[in-house]
Amino acid sequence: MCQNHGVAYIKPGMVEVQSIEYPKLALGDRKCEHGVILQIVSTNICGSDQHMVRGRTTAPAGLVLGHEITGLVIEAGRDVEFITVGDLVSVPFNIACGRCRNCKAGQTGICLNVNPSRPGAAYGYVDMGGWVGGQAEYVMVPYADFNLLKFPDKDQAFAKIRDLTLLSDIFPTGYHGAVMAGVGPGSIVYVAGAGPVGLACAASCHLLGAAVVIVGDMIPERLAQAKSFGCETVDLRNDTPLADQIAAIVGVPEVDCAVDCVGFEARGHGSEAGTEHPATVLNAVMNVTRAGGAIGIPGLYVTGDPGAKDDAAKEGSLSIRIGLGWAKSHSFYTGQCPVMKYHRQLMNAILYDKIQIAKAVNVEVISLDQAPKGYQDFDKGAAKKFVIDPHGMMN
C-alpha cells in the first residue's frame, strides 16, 4: 500500500504535514465505481484555506486541507468511461454529481447530492461535505467523468502546468467575478483586493476587454504585482476617499462595475485600515459603481465566523447599505464559482497563449513539506500564489 501525506489544520495559526490514509474508491461502506484516485501533480494554497487556518470558521482540528487540485489518474472505478489511467486532469473545487437539477442547469457550485447539510461541496473545506482535501500526495475524486477536465496533450500541459494548475479554482473564480459584474470591451472596472483571486480577476478583466482595471489593496507588494501587468492601483491605507482616488485615474468618481475579491475579513479604509470592518468592501463598491452597474462578489462570506468582533458578524450578518444599492439599481452576484462553466475555455486561453495567468498572480512552487511556511507567508500578505508540488513533477 502506498503512503500518503497531507496538510492538516491543527488549530488557529497552525497546519502540519501528517501521514494520512491512502484514498480508497469508496463512499463510506460503498464502492465508488464512478471515482478515480489521483497522484497529485500540484495543489494550491487558497485564501479560503487561510480563513480556516486563522480560526475564522468552524473547521475541526485534523481537517485535511486543499481544494485546488491537478493530478494524474492512477486508478479508475468500473463505471468511469471517458477518463483513463494516465490522464492528466484538472479537478474543479466544486464536487458535483452531474445528476441533480442544479448540476443539469450548470450550477455545479450548489450540487444537491454531495453534501448532506447544505447545497454545494468542496474538497478539504469546512461544512462542505466532509470530503478529504487535496493538499496531499493522493486523493479520491468522485463522479470523475462529469467533474474532471482532461488536458488534451500531456506534454503540452506539463509545459504550462504553472498556469493550468490555476484552473481548479482561482482563475475561474476571478473570471466568474468579472463576468458576473458585466465586464466587457471598454469597461472601467474596480477590483477590491490584490490577493491571488483579485489578481486573477484583474487579469480576467483584461482578457474580457476592459479599458481600465483599477485594483485596490493595502499591501504595497500586491499593488506592485497588479501594476506589473497593466492595472491601475489605489492604496486603501490612503485617507483620500476611494471615489476621489478613482476620479484621479479616470476623471470621474465612479466605475462601470466592481468585483469584491476580499470577503468577510475586510478592513476599513484610510485611518481605519488597521481595524476589521467586514462590510467595508461591499459598501465601498456600491458607492463607486455607477447607477445600473453590477457587482460580482466571489470574495468569501460565511454563516459562521467565531473570530468576528460582534455577535451579528459571527452569524454572517453585516451592516450593508442595501438601500444605496437598491437606489442605484445595482445587480449583485454572489456564491461559489461554478468552475465547469469556464474551465475548458480558460484552458484554451492558456494553451493558445492568450493569457499568462501564473505570471499575473506570481506563482511560487513549493514542496509539500514547505506548506506550513507557505501558509505563514501567505498570511503575512506575500504577493504570491503558493502551489504545492508533492512529487517534484513541476520542474
### Task
Indicate if Ile297 and Val189 have the same hydrophobic cluster label, given that clusters are the connected sets of ILVMFWY residues with side-chain heavy-atom separations under 4.5 angstrom.
no
### Message
So does Ala192 get a backbone contact from the side chain of Asp260, meaning a donor-acceptor N/O pair under 3.5 Å?
### Response
no
### Task
Please confirm whether the backbone N or O of Thr84 pairs with a side-chain atom of Asp87, one donor and one acceptor, at under 3.5 Å?
yes
### Task
Over all heavy atoms of both residues, which pair between Asn147 and Pro92 is shortest? Give the atoms and the distance, please.
O-CD, 2.9 Å
### Query
Taking atom CG of Leu72 and atom CD1 of Ile40, what is their separation to the nearest 0.5 Å?
10.5 Å
### Task
Please report the shortest heavy-atom distance between Leu368 and Val17, naming the atom on each side.
O-CG2, 3.4 Å
### Query
Taking Trp131 for the side chain and Val141 for the main chain, is one N or O donor matched with an acceptor at less than 3.5 Å?
no
### Query
By ring-ring contact (aromatic ring centres under 6.0 Å, His included), which residues pair with Phe146, not counting sequence neighbours?
none
### Message
Can you confirm whether the side chains of Ser117 and Asn115 place a donor and an acceptor under 3.5 Å from each other?
### Response
yes
### Task
Inspect the surroundings of CZ in Arg54 and state if more than 12 heavy atoms from other residues, nucleotides or ligands are less than 6.0 Å away.
yes
### Message
Under the side chain to side chain donor-acceptor pair (under 3.5 Å) test against Glu68, which residue among Thr43, Thr173, Thr165, Asn44 passes?
### Response
Asn44
### Side-chain donor or acceptor of Asp49 paired with backbone N/O of Cys46 under 3.5 Å
yes
### Query
Can Asp353 and Lys160 be counted as an ion pair, charged N to O under 4.0 angstrom?
yes
### Candidates Ile246, Val215, Ile214 - the one meeting side chain to side chain contact (heavy atoms under 4.5 Å, CB included) with Glu232
Ile214
### Query
Are any side-chain N or O atoms of His176 and backbone N or O atoms of Val339, one a donor and one an acceptor, separated by less than 3.5 Å?
no
#### Entry: Lys384/Glu364 salt bridge by N-O under 4.0 Å criterion
yes
### Task
Could you tell me whether the side chain of Asp217 and the main chain of Ala194 form a donor-acceptor pair under 3.5 Å?
yes
#### Entry: Backbone of Phe93 reached by a side-chain donor or acceptor of Tyr125 within 3.5 Å
no
### Under 3.5 Å donor-acceptor, Asp145 side chain and Phe82 backbone
yes
#### Entry: Within-4.5 Å side-chain heavy-atom neighbours: Pro142 and Ile95
yes
### Query
Is a donor on one side and an acceptor on the other found under 3.5 Å between the side chain of Gln225 and the backbone of Ala360?
yes
### Query
With no hydrogens and no angle check, is any side-chain donor or acceptor of Lys309 less than 3.5 Å from a backbone partner on Glu276?
yes
### Task
Before accepting this row, confirm whether a basic side-chain N of the pair Lys314/Asp310 lies closer than 4.0 Å to the acidic partner's carboxylate O.
no
### Message
Could you tell me if Gln135 and Tyr375 have a donor-acceptor pair between their side chains, going purely by distance under 3.5 Å?
### Response
yes
#### Entry: Note: Arg56-Glu265 ion pair, threshold 4.0 Å (strictly below)
yes
### Task
Taking atom types as modelled, find out whether Glu272 and Thr275 have a side-chain donor-acceptor pair closer than 3.5 angstrom.
no
### Query
Just checking, any donor-acceptor pair under 3.5 angstrom between side chains of Tyr143 and Asn113?
no
### Query
Hey, does Tyr175 have a side-chain heavy atom less than 4.5 Å from the side chain of Leu207?
yes
### Task
Side-chain contact test, heavy atoms from C-beta onward, threshold under 4.5 Å: evaluate it for Ser42 versus Ile388 and give yes or no.
no
### Task
Determine the minimum heavy-atom distance between Phe332 and Gly325, stating which atoms define it.
CZ-CA, 4.0 Å
### Task
Evaluate whether atom NZ of Lys354 has more than 12 neighbouring non-hydrogen atoms of other residues, nucleotides or ligands under 6.0 angstrom away.
no
